[in-house]
> 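Structure incoming, see below.
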Protein chains: 2
Amino acid sequence: MTIINAGDYLKKHGIKPSLQRIRIFEYLIKNKNHPTVDTIFRELAKEIPTLSKTTVYNTLNLFMEKNIVKVITIEENETRYDADTSLHGHFKCTECSRVYDFDLDVPKFKEEILKGFEIQERHVYFKGICKDCLLN
Amino acid sequence: MTIINAGDYLKKHGIKPSLQRIRIFEYLIKNKNHPTVDTIFRELAKEIPTLSKTTVYNTLNLFMEKNIVKVITIEENETRYDADTSLHGHFKCTECSRVYDFDLDVPKFKEEILKGFEIQERHVYFKGICKDCLLN
DNA sequence: TTTTAAATTTGTAATGATTATATTTTATAT
DNA sequence: ATATAAAATATAATCATTACAAATTTAAAA
Ligand SMILES: [Mn+2]
Ligand SMILES: [Mn+2]
Ligand SMILES: [Zn+2]
Ligand SMILES: [Zn+2]
C-alpha cells in the first residue's frame with residue numbers, strides 16, 4: 001500500500017491534517033526505520049523549530065487510536081512506531097539496533113489452543129545479528 | 001521441564017542460591033502468570049519482610065544474564081518475567097490482563113527473508129479478549 | 001573460633017520516558 | 001472582527017528502572 005498524499009490519508013481516517021501531523025506521518029512512511037519518539041522529534045525539529053516533543057507524543061497516540069500506526073515494543077523503554085499496519089514481523093539487530101521487516105504467513109500460526117479467544121493483534125519479533133553486522 | 005529443586009537449579013546455572021533468589025525463582029515456577037516486578041515484590045514481601053524491590057530487580061536481571069528467565073514486553077511500561085524459557089507464544093487479554101501461554105511451531109515461521117541473519121530470540125504475542133472474559 | 005574479605009541485600013537518590021496540566025497559538029464559525 | 005474550538009507548546013508530575021553507597025550476610029583465611 002503506497003500512500004500518495006499524507007494529508008488526504010489523515011483526513012480519510014478522521015484526523016485533521018495539521019502541519020505537524022502531516023510531517024510526522026510523512027516521516028514514518030518515508031523512513032521505514034521504526035523510529036522512536038526521540039528520533040522523530042530530533043529530525044523534524046530541524047524543519048519545524050517550534051515543534052514540541054509533547055506534540056510528537058500526542059500525535060502518535062492519536063495515530064494509534066485511529067489505527068494508522070502500530071507500536072513496536074521490542075525493548076522495554078524503547079517504544080518504536082510503524083506506519084505499516086499490515087501484519088509483518090520485525091527483526092532487531094543487537095549490534096546496530098536497526099529494525100528490519102520480514103513477511104509472516106498468518107495461517108502458519110498454530111492457534112488452535114486459542115479457540116474461543118478473540119485475537120485482535122498479532123506481534124512477532126526476533127532479535128539477533130543482522131547480515132550487515134555479521135559481515136564486519 | 002519440571003524443576004524439582006530451585007536451589008539446585010540455580011547452582012547448576014552458576015547462581016549462588018540465596019534465600020531471596022530461591023524464593024523469587026520459586027515464585028516464577030509456581031505461579032506461571034508472568035508477573036511484573038511489582039507483583040513478585042508484593043507477594044514475597046509478605047514472607048520476607050526485609051525484601052527490597054531493588055533485590056527483585058537485581059535478581060531478575062541476574063536470572064536473565066544466566067538465561068533462566070525470559071522477559072516479556074507486551075506493553076510498554078509493563079515488563080513481565082517468565083521462567084519457562086522454551087519457545088512459546090503469549091496471549092494477553094485486554095480485559096482481565098492475564099497472560100496465557102500457547103504453543104508455537106518453530107518451522108512454521110517463514111524466515112527465508114532473514115537468510116544470513118543470526119536469530120537469537122523469537123518472540124510472539126497476541127492481544128485480544130480471552131475465552132473467560134468473552135463468556136461474561 | 002576469631003578475623004578479614006567478598007558477595008549480597010538494602011535504602012535512597014538519580015535517571016529517563018511518558019503523561020498531565022495549564023497556557024499560548026492557530027483555525028473555524030458567526 | 002469577535003468568539004469559540006482545536007491544536008500545539010512549555011512545564012511539571014508520575015512512575016518504572018537503574019545507580020550508588022551503606023549495611024548485612026556469607027565465605028575464606030588465619
Ligand atoms: Mn515494520
Ligand atoms: Mn510463558
Ligand atoms: Zn546490525
Ligand atoms: Zn480475560
Side-chain angles (χ1 to χ4, degrees), chain A residues 6-7 10-11 13-27 34-66 68-82 92 97 99, chain B residues 6-7 10-11 13-27 34-66 68-82 92 97 99:
Chain A
L10 294 180
K11 256 186 256 172
H13 288 81
I15 298 164
K16 197 177 295 182
S18 69
L19 170 74
Q20 289 86 343
R21 289 169 176 175
I22 289 173
R23 289 292 162 78
I24 291 169
F25 190 70
E26 280 177 346
Y27 183 86
H34 314 94
T36 61
V37 163
D38 204 61
T39 303
I40 298 170
F41 172 72
R42 286 199 322 272
E43 285 302 308
L44 293 186
K46 296 174 187 169
E47 316 166 29
I48 313 168
T50 60
L51 184 65
S52 159
K53 195 176 271 192
T54 305
T55 299
V56 181
Y57 276 105
N58 290 342
T59 302
L60 290 168
N61 287 336
L62 175 66
F63 287 176
M64 281 176 56
E65 280 171 35
K66 301 295 185 177
I68 64 168
V69 302
K70 285 192 170 178
V71 68
I72 303 173
T73 48
I74 296 181
E75 316 280 357
E76 34 180 333
N77 72 43
E78 189 195 73
T79 309
R80 292 167 173 261
Y81 297 87
D82 195 345
K92 166 144 188 187
S97 74
V99 174
Chain B
L10 294 179
K11 256 187 253 170
H13 288 82
I15 298 164
K16 197 176 295 180
S18 69
L19 171 73
Q20 290 84 345
R21 287 169 179 176
I22 289 173
R23 290 291 163 79
I24 290 169
F25 191 69
E26 280 178 347
Y27 183 87
H34 314 94
T36 61
V37 164
D38 204 62
T39 303
I40 297 170
F41 172 73
R42 285 200 322 271
E43 286 302 309
L44 294 185
K46 296 173 187 170
E47 315 167 30
I48 313 167
T50 59
L51 184 65
S52 159
K53 195 175 272 191
T54 304
T55 300
V56 181
Y57 276 106
N58 291 341
T59 302
L60 290 168
N61 286 338
L62 175 66
F63 287 176
M64 280 175 57
E65 280 171 35
K66 302 294 187 179
I68 64 168
V69 303
K70 285 192 169 178
V71 68
I72 302 173
T73 48
I74 295 180
E75 315 281 356
E76 35 181 330
N77 71 45
E78 190 194 72
T79 308
R80 291 166 172 261
Y81 297 87
D82 196 345
K92 166 146 190 186
S97 74
V99 174

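All chains are named by letter (A, B, ...) in the order of the sequence lines, taking the proteins before the strands, and each is independently numbered beginning at 1. Values below: every heavy atom of this structure, side chains too, minus hydrogens, waters and symmetry copies.
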> Earliest and latest nucleotide of DNA chain D, 5' to 3', sitting under 4.0 Å from a non-hydrogen atom of chain B?
dA16(D) to dA19(D)
> Within the 4.0 Å limit for protein heavy atoms, which parts of nucleotides 6-19 of chain C are touched? Write it as a string from 5' to 3', B for base, S for sugar-phosphate only, - for none.
-SSSBBB----SBB
> Any side-chain donor paired with an acceptor under 3.5 Å for Thr79(A) and Glu76(B)?
yes
> Out of the candidates Leu19(B), Leu44(B), Ile48(B), only one should pair with Ile24(B) under the side chain to side chain contact (heavy atoms under 4.5 Å, CB included) rule; please name it.
Leu44(B)
> Could you tell me which residues satisfy salt bridge (Lys or Arg N to Asp or Glu O under 4.0 Å) with Arg80(B), sequence neighbours excluded, listed by chain and number?
Glu78(B)
> Walk me through whether Ile68(A) and Leu10(A) qualify under side-chain contact (heavy atoms from CB on, under 4.5 Å).
CA-CA 8 Å; Ile68(A) 64 168; Leu10(A) 294 180; 3.5 Å; yes
> Show, in sequence, the C-alpha distance, side-chain angles and deciding distance for Tyr81(A) and Val37(A), and conclude whether the side-chain contact (heavy atoms from CB on, under 4.5 Å) test is met.
CA-CA 8 Å; Tyr81(A) 297 87; Val37(A) 163; 3.6 Å; yes
> Please lay out, stage by stage, how Gln20(A) and Leu51(A) fare under the test side-chain contact (heavy atoms from CB on, under 4.5 Å).
CA-CA 8 Å; Gln20(A) 289 86 343; Leu51(A) 184 65; 3.9 Å; yes
> Between Arg21(A) and Leu62(A), is a side-chain contact (heavy atoms from CB on, under 4.5 Å) present by the stated rule, with each step listed?
CA-CA 10 Å; Arg21(A) 289 169 176 175; Leu62(A) 175 66; 3.5 Å; yes
